[in-house]
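The sequence lines fix the lettering, A, B, ..., with proteins before strands; numbering per chain opens at 1.
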Protein chains: 2
Amino acid sequence: MIKVLLAEDQGMMRGALALLLGLEDDIEVVAQVSDGDDVVPAALRARPDVALLDIEMPGRSGLDAAAELRDRLPHCRVLILTTFGRPGYLRRAMEAGAYGFLVKDGPVEELAAAIRRVLAGERVIDPALAAAALSTGPSPLTDRERDVLAAAADGSTVADVAARLHLSESTVRNYLSSAIGKTGTRNRIEAARQARHNGWL
Amino acid sequence: MIKVLLAEDQGMMRGALALLLGLEDDIEVVAQVSDGDDVVPAALRARPDVALLDIEMPGRSGLDAAAELRDRLPHCRVLILTTFGRPGYLRRAMEAGAYGFLVKDGPVEELAAAIRRVLAGERVIDPALAAAALSTGPSPLTDRERDVLAAAADGSTVADVAARLHLSESTVRNYLSSAIGKTGTRNRIEAARQARHNGWL
DNA sequence: GGTTGGGCGGGACAAATGTCACTGGGCGCG
DNA sequence: CGCGCCCAGTGACATTTGTCCCGCCCAACC
């Protein structure tokens, strides 16, 4: 019996997946959480063989949770399941020690199959997505550029960002300018969109 | 047997829901589509009793599809199922003749129950959401303000928007300014976020 | 028939934004 | 050690953006 932990914030999706996986006779959902911060505690309690993690969740992201799981529960295989096949997400998932990366676009049948393959030690990655991740390359943004861009993406002014990050306004402007340059865009909005699209935020 | 049409672009979600509804012994999924433009043709072919529509889809939105379904297939009850409980979405769903409005956050059990209740002529709406929709009020934006804001939301410059909408730059600026004023925000980015959050776009 | 309100545009102006050049400090690396 | 890179900041500057005037046309409505 394969013990699975399911982390997904959308109630209906989580319920449906749990029900679905429960129908497989070699799979058992031993824990369900809807918050990224609950992943590790729940895993320590339930000791799953496979952790199925969404990336976008309240609390910490599935990627962060994956990294912590690798350290705290090494035998547990992590399978990332996400809405967005962003190149940077895949890259970060691999760096966090994930064994598989599925997008929610695919057919449901893939899911149980992926769980079995991951448990067998195989890596499960959409080839097209892997190619995109390699061709896009790693993020060209430095840590601070990423921070500043992320902080400015919601419509905050330069002054807001400067205050939030304890930087001077000039510095913030410089980082934004350089991020805009590196993303090949024309302003902070496009830069943020681009970075988000590539999973660089 | 209740015949259901399922419109949802995310493959895994659609598959899971279809499987789930298929388990109910009085429900049968007679059509599945992943594109908003396919809803009406599929409905005309399959003649469902209930149409379960996502809002955000490729092609036309679930709200537009709902409006057309009401005209073309009046006996078919529309149930909107969406990720985002935006007040404006609910309002527009009601105007489009929907009988129910569910958010994907809720438990799966709600779904089958909602389908049966909608078919019985009941309205299914989350009370908290209804209250929010009423307290937020209808969109204060005029049609043009909405168009301009939507066109500017992706990082386009004023010149871009003016060219795309065949307006002068002054006009675009004026509309943006007035949209910013009406949303009580400080710039176009916040205005767009706010409008999107309320379902005004 | 007059008034109102929306669509459309112009001009002027202050503020925010993006760019550039230049200065340092720290840190890793050949 | 020198070199490059990232971090942090400064000052100046052109451009863009947001605001507040103003005007005209047209349709709806009292």
Colleague: What's Ser168(B) touching, base or sugar-phosphate or nothing? Going by heavy atoms closer than 4.0 Å.
Modeller: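 Answer is sugar-phosphate: Ser168(B) comes under 4.0 Å of backbone atoms only.
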Colleague: Would you say Arg196(A) has more than 12 foreign heavy atoms packed within less than 6.0 Å of its CZ?
Modeller: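 No, the 6.0 Å shell around CZ holds no more than 12 heavy atoms from other groups.
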Colleague: Closer than 4.0 Å, any side-chain N/O of Thr157(A) to the OP1 or OP2 of dA16(C)?
Modeller: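 It does not, given that no N or O in the side chain of Thr157(A) lies less than 4.0 Å from OP1 or OP2 of dA16(C).
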Colleague: Do any of residues 191-201 of chain B sit with a heavy atom less than 4.0 Å from DNA chain C, and if so which?
Modeller: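 Per residue number, the list is empty: none.
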Colleague: Could you check which of dG18(C), dC8(C), dG11(C) has an atom nearest any side-chain atom of Asn187(A)?
Modeller: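 That would be dG18(C).
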Colleague: Just the endpoints, please: which first and last nucleotides of DNA chain D, 5' to 3', lie under 4.0 Å from a heavy atom of chain B?
Modeller: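 Range of nucleotides within reach of chain B: dT17(D) to dC20(D).
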Colleague: Hey, are Arg164(A) and Ser156(A) close enough side-chain-wise for a donor-acceptor pair under 3.5 Å?
Modeller: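 Side-chain D/A pair, Ser156(A) to Arg164(A): present.
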Colleague: Report which part of the nucleic acid Arg173(B) touches: base, sugar-phosphate, or nothing (heavy-atom distance under 4.0 Å, all strands).
Modeller: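 Base: the residue Arg173(B), judged by heavy atoms under 4.0 Å, touches a nucleobase.
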Colleague: dT17(C), OP1 or OP2 - any side-chain N/O from Arg188(A) closer than 4.0 Å?
Modeller: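 So the side-chain polar atoms of Arg188(A) do come within 4.0 Å of the phosphate oxygens OP1 or OP2 of dT17(C), strictly under.
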Colleague: Check for me whether Arg86(B) meets the cation-pi criterion with Phe84(B), that is, NZ or CZ under 6.0 Å from the six-membered ring centre and within 45 degrees of the ring axis.
Modeller: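 Ring-cation test returns yes.
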Colleague: Does dG18(C) have its OP1 or OP2 closer than 4.0 Å to a side-chain nitrogen or oxygen of Arg186(A)?
Modeller: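 No, Arg186(A) has no side-chain N/O under 4.0 Å of OP1/OP2 on dG18(C).
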Colleague: Check step by step if salt bridge (charged side-chain N to carboxylate O under 4.0 Å, His left out) holds for Arg60(B) and Asp35(B).
Modeller: CA-CA 8 Å; Arg60(B) 94 186 55 185; Asp35(B) 189 299; over 6 Å; no
Colleague: So with a 6.0 Å cut-off around CZ of Arg186(A), is the heavy-atom count from everything else above 12?
Modeller: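 Counting other residues, nucleotides and ligands, CZ of Arg186(A) exceeds 12 neighbours.
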Colleague: Side chain to side chain contact (heavy atoms under 4.5 Å, CB included), that's the test. Do Val172(B) and Leu165(B) meet it? Break it down for me.
Modeller: CA-CA 9 Å; Val172(B) 171; Leu165(B) 300 187; 5.8 Å; no
Colleague: Below 3.5 Å, does any donor atom in the side chain of Asn174(B) face an acceptor in the base of dG10(C), or the other way round?
Modeller: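 Indeed, a donor on one side and an acceptor on the other fall under 3.5 Å apart.
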Colleague: May I ask you to verify if any side-chain N or O of Thr142(B) is less than 4.0 angstrom from the OP1 or OP2 atom of dG7(C)?
Modeller: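 Yes, within the criterion.
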